[in-house]
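As a basis for the values below, the full set of heavy atoms in this structure was taken, side chains included, without hydrogen atoms, waters or symmetry mates. Residues take their numbers from the sequence shown, with the count starting at 1.
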Amino acid sequence: MVTTTYHPSPLRSPSSYNNAVEISEGTIANLLNRVREKLNNPVSQILERLQQSRLVCSDETSARVEGKTQWEWVFQNEQVCLHVIRASRGSQVIGEVFPQMRPQVWVSDLYSAQRTHGAPQWQVCLAHQLRDCQYVIDAGDDLFAPRMKRLLLRAVALQRRRQHLAVSTVQQYSSYLYSFISKRYNERNDLDKLRLRYNLKFSFSSFSNRF
């Protein structure tokens, strides 16, 4: 199967891309094994580019290998994407892929191993936060999570427009976003964990320098 669509998806995903062609995970794995040696050089080039990259996005998910649960790690930026499968979900995997070099910006969720990245700046993955907000909304919250979701979507929209905005305009948006997080919704004890997550992990004071 040949796909012309770039995707950082785990191994199990491509099997459902084309309903007209049934292809199992095992078939995909066998095909990858056949071309493994030919892929060694391109993989090394991808790894080198990632290690020299200014920004790296990372995530991990479970993967079944010979009947056992292991962990599929993804490291990517806008140009390249690297998948590695390891028995561990621990921080040593990050140390293996980036033994010496560290990017300037690391993008990930709040998982503890991801927080050992060592990059000078850390951007919390907004896609994960939007998903968590939706979970809370689905659970019945109509106060904090809906507004936080709108805030995150506004931050994404601002990032897409940043190159066309004056620095003063970006700083104005930055002040609004920071104020939104730090001053609202202190009356609801049942949302302390979610609110604490954002208050600790989001700092928009240098928003104009993040992107």
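- Distance OG1/Thr61 to CG/Asp59: 7.0 Å, rounded to 0.5 Å.
- At a threshold of 4.5 Å between non-hydrogen side-chain atoms, the residues Ile46 and Leu50 count as touching.
- The main-chain N or O of Leu151 is never found under 3.5 Å from a side-chain atom of Arg154 such that the two would form a donor-acceptor pair.
- For Gln172, the CD atom is loosely surrounded, since the number of other residues' heavy atoms within 6.0 Å does not exceed 12.
- For the pair Tyr111 (side chain) and Arg89 (backbone), a donor-acceptor distance under 3.5 Å is present.
- Residues Leu153 and Tyr135 are members of separate hydrophobic clusters, defined by side-chain heavy-atom contacts under 4.5 angstrom among Ile, Leu, Val, Met, Phe, Trp and Tyr.
- Atom CD of residue Glu72 and atom CD1 of residue Ile85 lie 4.5 Å apart, to the nearest 0.5 angstrom.
- A distance-only check finds a donor-acceptor pair linking the side chain of Asn77 to the backbone of Val80 [under 3.5 Å].
- Paired with Val107 under the rule side chain to side chain contact (heavy atoms under 4.5 Å, CB included), one option of Leu55, Leu126, Val56 passes, and it is Leu55.
- Side-chain contact annotation: Gln92 with Ser88, donor-acceptor N/O pair under 3.5 Å present.
- Considering every non-hydrogen atom in both Ile94 and Ala113, the closest pair reads CD1-O, 3.4 Å.
- Between the side chain of Ser58 and the main chain of Val74, a donor-acceptor pair closer than 3.5 Å is present.
- Between Cys125 and His128, the shortest heavy-atom contact is SG-ND1, 3.1 Å.
- Summarising the geometry, atom CD belonging to Glu96 is positioned 12.0 Å from atom OG belonging to Ser91; distances are rounded to the nearest 0.5 Å.
- Separation of atoms CD (Gln159) and CD (Gln163) is listed at 8.5 Å; rounding is to 0.5 Å.
- Residues Arg54 and Pro103 fail the side-chain proximity criterion, which asks for heavy atoms closer than 4.5 Å.
- In plain terms, the two heavy atoms of Pro99 and Gln51 that are nearest each other are CD-NE2, 3.8 Å.
- How far CZ of Arg64 is from OG1 of Thr69: 4.0 Å, rounded to the nearest 0.5 Å.
- One side chain, Trp122 or Ser108, offers a donor N or O that lies under 3.5 Å from an acceptor on the other.
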side-chain contact (heavy atoms from CB on, under 4.5 Å) between Val136 and Lys149, worked out = CA-CA 10 Å; Val136 178; Lys149 181 178 179 180; over 6 Å; no
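- Taking the ring axis of Trp71 as reference, the NZ or CZ atom of Arg86 does not stay both within 45° of it and closer than 6.0 Å to the ring centre.
- A donor-acceptor pair is defined here as one N or O able to donate and one able to accept, closer than 3.5 Å; no such pair exists between the side chain of Thr169 and the backbone of Leu165.
- One hydrophobic cluster holds both Val43 and Phe98 under the rule that ILVMFWY side chains link at heavy-atom gaps under 4.5 Å.
- Going from atom SG of Cys133 over to atom CZ of Phe144 covers 7.0 Å, rounded to the nearest 0.5 Å.
- Hydrophobic clustering (ILVMFWY, side-chain heavy atoms < 4.5 Å, transitive): Met148 and Ile137 are in distinct clusters.
- Of all non-hydrogen atoms in Trp73 and Gly90, the two that sit nearest each other are CZ2-O, 3.5 Å.
- Of the candidates Gln114, Arg131, Arg115, Asp109 forms a side chain to side chain contact (heavy atoms under 4.5 Å, CB included) with just one, namely Gln114.
- For Gln104 against Pro120, the heavy-atom pair with the smallest separation is O-CD, 3.4 Å.
- Within the 4.5 Å cutoff, the side chain of Phe75 has no heavy atoms near those of the Leu47 side chain.
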